[in-house]
Amino acid sequence: MKLLVHHAVSIAFVSVALLATSATGSAQQAGHAFETFRVDLSATANVNNNTLHEFWDPRVGAELSVATPFYLGSVELGAHYVGFNALASEQPDFTSLYIYLGWGCELALSQRLRWYNGFRIGSFLMRFDVPSGNKTEQELAFALNTGLRYPIAGHWSVAVSARYQVVYTHERIHLAYMTAGLGRSFGMPRWLKEFLD
């Protein structure tokens, strides 16, 4: 347990340091808040192994998010869906839906390649498939996220990322994910930009 806490603190410290570094590369976005938005669709894979995985096997998940430049960095809204198959008949299968708000900054590694670091906070909803009907549980969840993005054609880009997530159940759930996906940028409609400003 102490080792797990040590790793979590280390990840948090490194991520905050990266955010501070990345912020210097994003200050120029301050005058472009809400000018554009990007829609990302990604596939996700759970890659860690702990007590949860002794009872459930996570399937490949899907994530949909929308991000827009903010006065510093960018903000995002998204949803991440994953199914978990029970490894024994005593446990029910369950699905999870993580609905979150996030913030982060990008750092230019080259003329086109961008490195993103940020965090997310939101609601982690679990729906268990039990004989008497679906049983649900909802908890707070927090995640640290780091990734790379590269434009491929026009307004399209590809992205890969790694994420560490903590779900604040009575016994904390620690999840690590790798993701890969495709993004498309759009101009923000004037009426919506005026509303957000």
Side-chain angles (χ1 to χ4, degrees), residues 11-12 14-48 58-83 95-122 124 141-165 175-197:
I11 291 171
V14 171
S15 297
V16 170
L18 290 174
L19 282 172
T21 302
S22 298
T24 62
S26 296
Q28 62 185 3
Q29 294 180 349
H32 303 287
F34 309 120
E35 290 284 349
T36 62
F37 69 96
R38 187 187 66 247
V39 179
D40 286 293
L41 182 61
S42 305
T44 69
N46 179 240
V47 294
N48 66 320
R59 301 192 293 267
V60 173
E63 183 172 52
L64 178 66
S65 65
V66 179
T68 183
F70 197 52
Y71 298 103
L72 176 63
S74 62
V75 292
E76 63 176 341
L77 172 67
H80 180 204
Y81 176 87
V82 182
T95 58
S96 68
L97 180 63
Y98 179 41
I99 300 174
Y100 60 83
L101 287 171
W103 178 86
C105 289
E106 285 187 344
L107 178 66
L109 298 182
S110 69
Q111 187 175 357
R112 295 167 65 83
L113 184 63
R114 297 292 185 269
W115 181 23
Y116 174 87
N117 295 281
F119 65 86
R120 296 168 172 175
I121 187 167
F124 191 87
F142 178 80
L144 299 172
N145 195 39
T146 183
L148 297 172
R149 180 172 300 277
Y150 191 85
I152 52 175
H155 298 287
W156 294 91
S157 61
V158 292
V160 294
S161 68
R163 183 181 316 138
Y164 175 76
Q165 182 182 57
L175 298 168
Y177 288 96
M178 296 295 295
T179 78
L182 189 65
R184 173 67 159 83
S185 295
F186 303 86
M188 186 74 74
R190 189 193 316 185
W191 65 268
L192 184 54
K193 183 179 185 302
E194 291 174 353
F195 173 78
L196 293 171
D197 278 336

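These numbers were taken from a predicted model, which means no experiment stands behind them.
- Between the side chain of S96 and the backbone N or O of V82 there is at least one donor-acceptor pair closer than 3.5 Å.
- Listed for the D40 side chain is no donor-acceptor partner under 3.5 Å among the backbone atoms of L64.
- Taking the six-membered ring where tryptophan is involved, the planes of F37 and F186 are essentially parallel, since the angle between them stays under 30° and well short of 60°.
- Minimum interatomic distance between N145 and A162 (heavy atoms only, all atoms of both residues): OD1-O, 3.2 Å.
- For the residue pair N46 and A176, the shortest heavy atom distance occurs at ND2-O, 2.9 Å.
- At least one donor-acceptor pair closer than 3.5 Å links the side chain of T68 to the backbone N or O of T36.
- Side-chain N or O atoms of W103 include one that pairs as donor or acceptor with a backbone N or O of L72 at under 3.5 Å.
- F119 and F142 have parallel rings, their planes meeting at less than 30° on a 0 to 90° scale where 60° marks the start of perpendicular.
- Between the CG atom of L175 and the NE2 atom of H80 there is a distance of 9.0 Å, given to the nearest 0.5 Å.
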TODO: Take L182 and I152 through the side-chain contact (heavy atoms from CB on, under 4.5 Å) test and state the conclusion after the steps.
DONE: CA-CA 10 Å; L182 189 65; I152 52 175; 3.9 Å; yes

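- In this structure, the side chains of S74 and R38 stay at 4.5 Å or more apart for every pair of heavy atoms.
- What you find for R149 and G183 is that their closest heavy atoms are NH1-CA, 4.2 Å.
- Distance CG/N117 to OG/S161: 11.0 Å, rounded to 0.5 Å.
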Task: Audit row: V75, L101, side-chain contact (heavy atoms from CB on, under 4.5 Å) steps and yes/no - done: CA-CA 7 Å; V75 292; L101 287 171; over 6 Å; no

Open item on the list: Run H155 and R184 through side-chain contact (heavy atoms from CB on, under 4.5 Å) and show every step you take.
Closed with: CA-CA 6 Å; H155 298 287; R184 173 67 159 83; 3.3 Å; yes

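- Looking at every heavy atom in both residues, A62 comes nearest to T44 through N-OG1, 4.0 Å.
- With contacts defined as side-chain heavy-atom distances shorter than 4.5 Å, the pair Y177/Y164 does not qualify.
- Residues L109 and L148 meet the side-chain proximity criterion, which asks for heavy atoms closer than 4.5 Å.
- Taking each heavy atom of G73 and C105 in turn, the nearest pair found is CA-SG, 3.7 Å.
- Here CG of L97 is found 9.0 Å from CZ of F124. Values are rounded to the nearest 0.5 Å.
- The heavy-atom pair separating S65 from Y100 by the smallest distance is CB-OH, 3.4 Å.
- Within the 3.5 Å criterion, the main-chain N or O of A108 finds no donor-acceptor partner in the side chain of R112.
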Open item on the list: Set out, in order, the CA-CA distance, both residues' side-chain angles and the distance that settles side-chain contact (heavy atoms from CB on, under 4.5 Å) for Y98 and R120, then state yes or no.
Closed with: CA-CA 10 Å; Y98 179 41; R120 296 168 172 175; 3.8 Å; yes

